[in-house]
Trainee: 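Quick one: the structure is below, questions incoming.
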Amino acid sequence: MESQTDLDHESGRTFKKLQRSQWADHFLNVPVDELELDVIASELEAIKPIVRDMLMSFSKEENHESVKRKILLIYVMISLGLAYHFEDEIEETLAHAFEKIDDMIADEHDLYTISIFFWVFRTYGHNMSSDVFKRFKGADGKLMDSLTKNAKGMLSLYEAAHLRTTRDYIMDEALSFTTRHLESLVAGASPHLSRLIHNALGLSQHWNMEILVAMEYISFYEQEEDHDEMLLKFSKLNFKLLQLLYIKELKMVTKWYKEFQFASKLPPYFRNRIVESHFFVISMYFEPQFSRVRIMLTKLYTVLTIVDDTFDRYASISEAVSLANSIERWAPDEDTDRQPNYLRFVFKFVLDVFKDFQGEMEPEGRSYSLKYTVEEFKRFVKSNLDLAKWAHVAHVPSFEDYMEVGEVEFGVYMVMAGTLMRMEHATEESYEWLKSRPKLIQSIAINARLMNDMTGFEDDMSRGYVTTGMNCYMKQYGVTKSEAFRELHKMRVDNETIVNEELLKTKNVPRRILKEAINCARMTRVAYAYGEGFTHPEGKIKDFISSLYLDQIRL
């Protein structure tokens, strides 16, 4: 049994072994045909102007109906994972259309159309008013029951409701209304729409990884009677190209990981998750042009995982303090020489990886990005040490004190800093913005902490780890486990509306950086939507990985 308690004979301490990687070196042996990559890339470039013409052709008659068709097409392109090819055209189209939004939808009473408009405009930062949904209320002030006869419209309203802010009360009602009725609509809808509804009820498009949305939507779109063959072909080629690129990258990072020989250098307390790390990195940047960024981030995620597990699952307090001090100095000294072998290995691994990052950043004139990322990494390590000190003495602090440390320890700020390292839009001002702990990133960090503590509660308790948000809340407010779970879940849901609101309100930050923020939120939602998916990826996460990397799409 992989989760058994084991004894480290060198130190004489016990620890809970974690399940080995389900993949090991599997992807080292998966072939990638470079010629096939080149052929697909050439086919995409040949078709791309045709698809662009589909988007721009409606401009020849710039009336309300042509703009409506264009926005509906934009939604399909987003869902198929194609929007990045036409970002300039899409942003220009939506900015122009939003100026006329009131006139354009004045006489529109199609639930699907209004919901898709709302979803698209808000996704691109245009604050379309939720008052547009008042037209779907009856004389009693409630959403009309007749809406429930339209499965596709109900699904689009459900998806739109997930972009609600703290003041969109009608969207709170819409979410409750659609969730209640969609489950009964599944049975009467077509099989492919039923599957789309079922998956959306598990995780909405807004909070899902873009690549997973595309993987699902291509299958759905292919079975739609009115689908466009050229658009379908373009989406399949695009997805195939991404699959081949991802496998190529995974072979590289797996080889890199294997060279460190973690299994022989460390006791088996750490999570061997190189494949899962690459999968979650795709949440941040799924587009083909970000291959080097994905490789760098996968390495960074490995550093964060090893360091987190060292503090959380194995190191004694004196060792944790020693490692934290070494990282704060960012150089070995006499204290480092006295550390046990495993700890010296962890510290050297950290420095080696960041030295590689430095080699990539300096020629690009982005040394400042490495400096800020190292500073954020040190804050991440300090929060790990603070939690470790509490955990070793089974201290359960106030919920507020715990969250102040715990939201940093989870690593969202660290992930965002690492994400900005290779982003051309990220200036020193961008890092200062992150350092100021903006409400947008803080809300995402809090939610990540809450989801981790809720889904990992039983596992934490089984290994005697009591310093968790659940325990802190139960102790402070004198409530049961189920009551604490309900309250933390409510906090998470409320925070999601704050995230949506801040995405619309934040105007002094490049849109791509805001996109990485919501992508970070999506990553954690996928990780915890089906259990603790990074620590225990054997369920739904394994299925996603198999579908993305192994089940090559048929062209």
Side-chain angles (χ1 to χ4, degrees), residues 166 207 280 283-284 300-301 304-305 307-309 311-312 324 372-373 375-391 395-420 431-457 460 465-477 484-485 487-503 506 513-514 516-528 532-535:
T166 59
W207 296 111
F280 284 115
S283 175
M284 305 300 293
L300 179 62
Y301 280 28
L304 300 183
T305 301
V307 169
D308 180 77
D309 287 345
F311 280 101
D312 184 31
Y372 279 101
T373 303
E375 288 178 4
E376 197 60 66
F377 181 70
K378 290 179 179 180
R379 284 188 280 271
F380 165 76
V381 168
K382 183 182 183 305
S383 64
N384 266 272
L385 177 61
D386 289 342
L387 275 192
K389 287 179 177 178
W390 285 340
H395 177 55
V396 181
S398 71
F399 183 71
E400 290 75 17
D401 286 348
Y402 170 80
M403 289 301 294
E404 185 177 346
V405 174
E407 72 179 62
V408 179
E409 190 270 349
F410 184 84
V412 165
Y413 298 113
M414 182 61 232
V415 167
M416 283 299 298
T419 299
L420 297 180
Y431 279 98
E432 288 295 338
W433 172 75
L434 178 63
K435 193 175 176 180
S436 73
R437 299 304 190 239
K439 197 172 183 180
L440 170 62
I441 309 300
Q442 185 179 43
S443 299
I444 294 169
I446 290 171
N447 270 8
R449 179 77 269 166
L450 293 175
M451 285 186 281
N452 177 272
D453 286 356
M454 289 188 287
T455 57
F457 180 68
D460 288 335
Y465 192 97
V466 300
T467 309
T468 73
M470 286 282 290
N471 281 325
C472 292
Y473 195 90
M474 284 190 280
K475 178 184 175 183
Q476 182 166 336
Y477 295 102
F485 191 94
E487 288 303 312
L488 266 58
H489 175 75
K490 184 177 181 299
M491 287 181 206
R492 182 187 67 74
V493 172
D494 290 344
N495 260 314
E496 286 182 347
T497 65
I498 294 173
V499 169
N500 290 335
E501 191 164 277
E502 292 300 312
L503 284 169
T506 307
I513 293 178
L514 296 181
E516 293 317 309
I518 187 64
N519 282 345
C520 188
R522 288 165 174 159
M523 176 177 64
T524 55
R525 286 289 276 121
V526 171
Y528 295 108
E532 197 175 10
F534 189 76
T535 302

Trainee: So how far is it from I441 CD1 to E516 CD, rounded to the nearest 0.5 Å?
Mentor: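 The CD atom of E516 is 10.0 Å from CD1 of I441, to the nearest 0.5 Å.
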Trainee: Output, in order, the C-alpha distance, side-chain angles, deciding distance and verdict of side chain to side chain contact (heavy atoms under 4.5 Å, CB included) for L488 and F399.
Mentor: CA-CA 11 Å; L488 266 58; F399 183 71; 4.2 Å; yes
Trainee: Does a side-chain heavy-atom distance below 4.5 Å link V526 with F280?
Mentor: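 Yes, side chains in contact.
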Trainee: Check whether any side-chain heavy atom of L387 lies under 4.5 Å from a side-chain heavy atom of D312, and answer yes or no.
Mentor: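 Of all side-chain heavy-atom pairs linking D312 with L387, none is under 4.5 Å.
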Trainee: Hey, mind stepping through E501 and T166 against side-chain hydrogen bond (donor to acceptor under 3.5 Å, both in side chains) and telling me if it holds?
Mentor: CA-CA 7 Å; E501 191 164 277; T166 59; 2.5 Å; yes
Trainee: Can you list the steps and then say if D308 with F410 is a side chain to side chain contact (heavy atoms under 4.5 Å, CB included)?
Mentor: CA-CA 9 Å; D308 180 77; F410 184 84; over 6 Å; no
Trainee: Which residue is it: F377, Y431, W433? I am looking for the one with a ring-ring contact (aromatic ring centres under 6.0 Å, His included) to Y372.
Mentor: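 In the set F377, Y431, W433, the residue that makes a ring-ring contact (aromatic ring centres under 6.0 Å, His included) with Y372 is Y431.
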Trainee: Applying side chain to side chain donor-acceptor pair (under 3.5 Å), name anything that partners E376, two or more places apart in sequence or on another chain.
Mentor: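 Here the qualifying residues are R379, R437.
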Trainee: Identify which one of V499, I518, I513 satisfies the side-chain contact (heavy atoms from CB on, under 4.5 Å) criterion when paired with L440.
Mentor: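 Single side-chain contact (heavy atoms from CB on, under 4.5 Å) partner of L440 among V499, I518, I513: V499.
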Trainee: Roughly how far, to the nearest 0.5 Å, is CD of E404 from CG of D386?
Mentor: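 Reported value, rounded in 0.5 Å steps: 9.5 Å.
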Trainee: Applying salt bridge (charged side-chain N to carboxylate O under 4.0 Å, His left out), name anything that partners E375, two or more places apart in sequence or on another chain.
Mentor: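 Per chain and number, E375 pairs via salt bridge (charged side-chain N to carboxylate O under 4.0 Å, His left out) with K435.
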Trainee: How about NZ on K382, more than 12 heavy atoms from neighbouring residues, nucleotides or ligands closer than 6.0 Å, or not?
Mentor: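 Counting other residues, nucleotides and ligands, NZ of K382 stays at 12 neighbours or fewer.
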Trainee: For the residue pair V381 and F311, establish whether any side-chain heavy-atom pair is separated by less than 4.5 Å.
Mentor: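 Yes, side chains in contact.
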Trainee: Check for a donor-acceptor pair, side chain of K439 on one end and backbone N or O of E502 on the other, with a separation under 3.5 Å.
Mentor: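 Answer holds: no.
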Trainee: Side chains of S398 and D401: do they bring a donor and an acceptor to under 3.5 Å?
Mentor: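 S398 vs D401: donor-acceptor pair found between side chains.
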Trainee: Check whether the side chains of Y413 and Q442 place a donor and an acceptor atom closer than 3.5 Å, and report yes or no.
Mentor: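 Their side chains do not contain a donor-acceptor pair, so the 3.5 Å distance test is not met.
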Trainee: Is the closest side-chain donor-acceptor distance between T455 and E532 under 3.5 Å?
Mentor: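 Their side chains do not contain a donor-acceptor pair, so the 3.5 Å distance test is not met.
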Trainee: Once rounded to the nearest 0.5 Å, what's the spacing between atom CE of M416 and atom SG of C520?
Mentor: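 With rounding to 0.5 Å, CE (M416) is 6.5 Å from SG (C520).
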Trainee: Taking the side chain as C-beta and beyond, is there a heavy-atom pair between T506 and P438 under 4.5 Å?
Mentor: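 When only atoms from C-beta onward are counted, P438 and T506 do not touch, as no gap falls below 4.5 Å.
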Trainee: Can you list everything that forms a side chain to side chain donor-acceptor pair (under 3.5 Å) with D453? Sequence neighbours excluded, please.
Mentor: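 With sequence neighbours excluded, D453 shows a side chain to side chain donor-acceptor pair (under 3.5 Å) to Y402, R449, given in chain and number order.
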Trainee: Before giving the answer on side chain to side chain contact (heavy atoms under 4.5 Å, CB included), spell out for W207 and E496 the whole-Å C-alpha distance, their side-chain angles and the decisive distance to 0.1 Å.
Mentor: CA-CA 9 Å; W207 296 111; E496 286 182 347; 3.5 Å; yes
Trainee: Over all heavy atoms of both residues, which pair between A417 and T373 is shortest? Give the atoms and the distance, please.
Mentor: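 Reported closest heavy-atom pair: O-OG1, 3.4 Å.
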Trainee: Determine the interplanar angle of the H489 and F485 rings, folded into 0 to 90°, and report it as parallel if under 30°, tilted if 30 to 60°, perpendicular if over 60°.
Mentor: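 Parallel: the ring planes of H489 and F485 meet at under 30°.
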Trainee: Would you confirm whether N447, through its side chain, and R492, through its main-chain N or O, come within 3.5 Å as a donor-acceptor pair?
Mentor: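 Between the backbone of R492 and the side chain of N447 there is a qualifying donor-acceptor contact (under 3.5 Å).
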Trainee: Kindly give the heavy-atom pair with the smallest separation between P397 and T467, and that separation in Å.
Mentor: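 For P397 and T467, the tightest heavy-atom pair comes out as CD-CG2, 4.0 Å.
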